[in-house]
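Report on the following structure.
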Protein chains: 2
Amino acid sequence: MRTHQLVQSWLEEQLAAGHLAVGDRLPGERMVAEQLGISRASAREGIRVLEAMGIVRAGVGSGPGAGTVITANPGAALGAALRLHMATSHLPIEDIVQTRLLLETWAAAHARPAAPAMENAAALLEAMESSAPDEKEFLRLDALFHVALADAAGNVLIGAMMSSLRESIEGYTLRLTRTLPDWAATSARLRAEHRDIHNAIRNDDGALAAKMVANHIEGFYKEAGFSGA
Amino acid sequence: MRTHQLVQSWLEEQLAAGHLAVGDRLPGERMVAEQLGISRASAREGIRVLEAMGIVRAGVGSGPGAGTVITANPGAALGAALRLHMATSHLPIEDIVQTRLLLETWAAAHARPAAPAMENAAALLEAMESSAPDEKEFLRLDALFHVALADAAGNVLIGAMMSSLRESIEGYTLRLTRTLPDWAATSARLRAEHRDIHNAIRNDDGALAAKMVANHIEGFYKEAGFSGA
DNA sequence: GGGTTAGTGTGGTCGGACCACACGCCGACC
DNA sequence: GGTCGGCGTGTGGTCCGACCACACTAACCC
């Protein structure tokens, strides 16, 4: 086992033993290195990996927000990894879209009407309809709306995956959007569909919501000329 | 942007531009550092993150297998991250099992009878039946069998996710298995179900295969006394 | 009392050094 | 001529010590 991996196994132990929990601060890098009997450089490598995994967050200075603090952010971390893997051409965008479809229809079917995330979703609907956002802003809100729906199903892992998937295909979706003939009409339709989906979940009609989500996503990609889904 | 992240964006550019591809070797750490105008320590931190993401693989010495070579291993990388997140108690095991169920039923429904992975699956069935593996070995083969089925659906991302999920809950499953009253009977049943699933896919009956996979997984956890699924 | 300044601890970066490893070359030996 | 051994070389792996920017704290001066 390589030296920097000691940090990971050490943190895993500390977490399992209850000595550390989300929100706690790690000892300083110099301290970690000393406790594990390794150099600060190796300790840093280990911490850097933890950061890439979304387990910790590092901040300079002092006071709250400084130091290396344990977070729990499975989503943001995955996004970067997926982007890289897409760049290797060993992860077709079709597969990502397909997976997104699977996760979202499941989430729609299992979303709980009373979930806190549904409030966010409603607020996002308002934002998309009241203001007149440009394509990029609309897409940002749209992404947040879909992630909120995924969160409403109450499965942390699926919520995180949805978040990463959206992030990794964000650039691609934006390019796709710009090829649309009539953005105003399309966005109006998307907004209406969002409303319908939202209402279906509110009415606890998961089956209907799932069906509409599938149509919503497939319809968009179909209109934009994407054949993968 | 922090220095070590330059390595990631640099590699992403190189991949996008086609200057590097899977299988190629990166310039040496010292060379990368020099080209990006950063120190070797920072370059190493960046490379370490790439390694954790499953983008590259590092090997010492010389000749083939040495140096930092670009791979494409989305699966193995995710497993460690999921384990850590489980340790933070912010990723319930129920969510993982639930996600596994979702992915596997989908994969069974979409598995292609002629996929190369089906050959592996068949070989794994043989191994599970001919020899008399102990629980740990049986579980290992079982995991590989399920991953093979996921691969047979042809979706790289879902295959990778399945692989990571199985890895992250491996320890948990093993503990669960040891509480079973009659392992011989259970394993015999599991083997028979594997056969049925395999045959259903061979006969291109995705719907049946999906149903059987769901029963297979739910049945196991139910028998082992796990209420989350 | 209020504004300023020195102190302290954090992560961020750097340069250089040495190690273990694995290959390929090349000379010595049979 | 063929084979075996050892050395050179380049790789990642690890370590050390230093300095920096930052943000907060506390002491200080006016």
Side-chain angles (χ1 to χ4, degrees), chain A residues 1-11 14 20-73 76-77 80 84, chain B residues 1-11 14 20-73 76-77 80 84:
Chain A
M1 175 182 270
R2 280 187 287 173
T3 308
H4 72 267
Q5 294 176 329
L6 286 175
V7 180
Q8 282 149 262
S9 50
W10 169 80
L11 180 59
Q14 295 293 309
L20 287 174
V22 172
D24 291 349
R25 268 219 299 277
L26 258 61
E29 294 181 348
R30 295 159 180 85
M31 201 67 70
V32 171
E34 191 182 353
Q35 284 188 20
L36 298 182
I38 62 180
S39 72
R40 193 184 160 204
S42 296
R44 277 183 61 82
E45 290 186 7
I47 294 174
R48 198 82 326 113
V49 170
L50 291 174
E51 200 178 3
M53 287 177 174
I55 306 282
V56 302
R57 173 186 59 74
V60 292
S62 68
T68 305
V69 44
I70 302 178
T71 68
N73 193 350
L84 262 305
Chain B
M1 175 183 267
R2 280 187 286 172
T3 309
H4 72 268
Q5 294 176 328
L6 285 175
V7 180
Q8 282 149 264
S9 51
W10 168 80
L11 181 58
Q14 296 293 310
L20 288 174
V22 172
D24 291 348
R25 267 219 301 275
L26 258 60
E29 295 182 347
R30 296 158 181 84
M31 201 65 73
V32 170
E34 192 183 353
Q35 285 187 19
L36 298 181
I38 62 180
S39 72
R40 191 184 162 205
S42 296
R44 276 183 63 82
E45 290 186 7
I47 294 173
R48 199 84 322 116
V49 171
L50 291 173
E51 199 178 6
M53 288 177 174
I55 306 283
V56 302
R57 175 186 58 74
V60 293
S62 69
T68 305
V69 44
I70 302 179
T71 67
N73 193 349
L84 262 306

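All chains are named by letter (A, B, ...) in the order of the sequence lines, taking the proteins before the strands, and each is independently numbered beginning at 1.
- When the side-chain nitrogen and oxygen atoms of Ser42(A) are compared with OP1 and OP2 of dC15(D), one or more of them lie within a distance under 4.0 Å.
- Of the candidates dC14(C), dG12(D), dG11(C), dG11(C) carries the atom nearest the Glu29(A) side chain, counting heavy atoms from C-beta on.
- Every pair passing side chain to side chain donor-acceptor pair (under 3.5 Å) that includes a residue from residues 22-31 of chain A is listed here, sequence neighbours excluded: Glu29(A)-Arg40(A), Glu29(A)-Arg44(A).
- Listed by first and then second residue, the salt bridge (charged side-chain N to carboxylate O under 4.0 Å, His left out) pairs involving residues 55-64 of chain A amount to none (not counting sequence neighbours).
- Contact annotation: Arg40(B) side-chain N/O to dG13(D) OP1/OP2 distance is not under 4.0 Å.
- The pair Glu45(A)-Arg48(A) fails the salt-bridge criterion, with no side-chain N (NZ, NE, NH1 or NH2) lying under 4.0 Å from an Asp/Glu carboxylate O.
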Heteroatom pairs (N/O) under 3.5 angstrom, protein to nucleotides 20-24 of chain C:
unit_1: dA22(C); atom_1: N3; unit_2: Ser62(B); atom_2: OG; d: 3.4
unit_1: dC23(C); atom_1: O4'; unit_2: Ser62(B); atom_2: OG; d: 2.9

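- Atom pair Ile47(B):CD1 and dG12(D):C1' shows a separation of 9 Å (rounding to whole Å applied).
- OP1 or OP2 of dG12(D) has not a single side-chain nitrogen or oxygen of Arg57(B) nearer than 4.0 Å.
- Between the CE atom of Met1(A) and the P atom of dT14(D) there is a distance of 11 Å, given to the nearest Å.
- The number of heavy atoms from other shown groups lying within 6.0 Å of CD (Glu34(A)) does not exceed 12.
- The side chain of Ser39(A) has dC16(D) as its nearest neighbour among dT13(C), dC16(D), dG12(D).
- Judged by atom type and distance alone, Arg30(B) does not reach the base of dG15(C) through any side-chain donor-acceptor pair under 3.5 Å.
- Note on Arg2(A): only backbone sugar-phosphate atoms sit closer than 4.0 angstrom, heavy atoms only; bases stay farther off.
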